[in-house]
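Take a look at the structure set out below.
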Amino acid sequence: MGIRQSINENPIITSVITGLILTLAIVFIGYQACRTGPAAPFKPKQFFSVDDGATWFTDDAAKLPPFDHEGKEAYRARVFRCPDGKMFVARLERYPPVILRKIDEASKRPLNQRGNDWIALQEEYEIKKPGAKTWIPLADGTDIAMFQPKCSDGSRAQPMMPK
């Protein structure tokens, strides 16, 4: 007697065995899916610099510059890369103290009560080129080289984001 004939002659036993195999497969898949635990929450990163863009490090993108990093003021650094692999900071960004206070106050309100003023405050930062002495409001930033920097070969540098 072959397997096919045994299956045809015993449909109840065949159904029970098939049900057990399916149940074991579902349990195994569920165990594998849950075994690794929940995924870690995604925390976006951003580049920052404490030495006027000479070097940079990554930290939580939610940190508003300037903030204290190992005893020095850290500013957001916009890092770019040229085709030859050279990376550099095209501009630094910070919030003036008065804007930081307003953002902090608005952040304490419930999300649905923050309004458009809170969003607008996020764009009230100041910028400067590395080595420059003065910060200028973003709204006054007309130097396109800080936003679309060129490489020494004349090509456009590509913006970099931390991993």
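Being a predicted model, the structure only gives us computed values, none of them experimental. The figures that follow rest on heavy atoms only: side chains count, while hydrogens, waters and symmetry mates do not.
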Pair V50, E73 - check side-chain contact (heavy atoms from CB on, under 4.5 Å), show working.
CA-CA 6 Å; V50 294; E73 278 198 332; over 6 Å; no

For atom NZ of K86, decide whether the heavy atoms of other residues, nucleotides or ligands shown that lie under 6.0 angstrom number more than 12.
no

Heavy atoms only: give me the nearest P96-E124 pair and the separation to one decimal.
CD-O, 3.5 Å

I'd like to know if F67 and L64 are part of one continuous hydrophobic network [Ile/Leu/Val/Met/Phe/Trp/Tyr, side-chain heavy atoms within less than 4.5 Å].
no

Close side-chain approach of I136 and M146, heavy atoms under 4.5 Å
yes

Any side-chain heavy-atom pair of F88 and C82 under 4.5 Å:
yes

Excluding sequence neighbours, so at least two apart, what forms salt bridge (Lys or Arg N to Asp or Glu O under 4.0 Å) with E93?
R76, R78, R91

A61: partners by side chain to side chain contact (heavy atoms under 4.5 Å, CB included), with sequence neighbours left out
P44, Q46

What heavy-atom pair brings D59 and H69 nearest, and what distance separates the two atoms?
OD2-ND1, 4.4 Å

Check: Y125 and P137 side chains under 4.5 Å, non-hydrogen atoms:
no

Report whether L138 and L100 are members of the same hydrophobic cluster (ILVMFWY, side-chain heavy atoms less than 4.5 Å apart, transitive linking).
yes

State whether the side chain of S155 and the backbone N or O of C151 hold a donor-acceptor pair below 3.5 Å, judged by distance alone.
no

Kindly indicate, with the supporting measurements, whether the criterion side-chain contact (heavy atoms from CB on, under 4.5 Å) is fulfilled by R156 and F80.
CA-CA 9 Å; R156 181 183 284 178; F80 288 78; over 6 Å; no

Side-chain (D51) to main-chain (A54) donor-acceptor, under 3.5 angstrom:
yes

Atom of P65, atom of A74 and distance for their closest heavy-atom approach:
CB-O, 3.7 Å

Below 4.0 angstrom, N of the basic side chain to O of the carboxylate: do K72 and D68 qualify?
no

How close do P66 and Y95 get, heavy atom to heavy atom, and via which atoms?
CD-O, 3.5 Å

Should side-chain heavy atoms under 4.5 Å link Ile, Leu, Val, Met, Phe, Trp and Tyr, which residues sit in the same cluster as F47?
W56, Y75, V79, M87, V89, L92, W135, M160

Lys/Arg-Asp/Glu bridge criterion (N-O < 4.0 Å) met for D52, K128:
yes

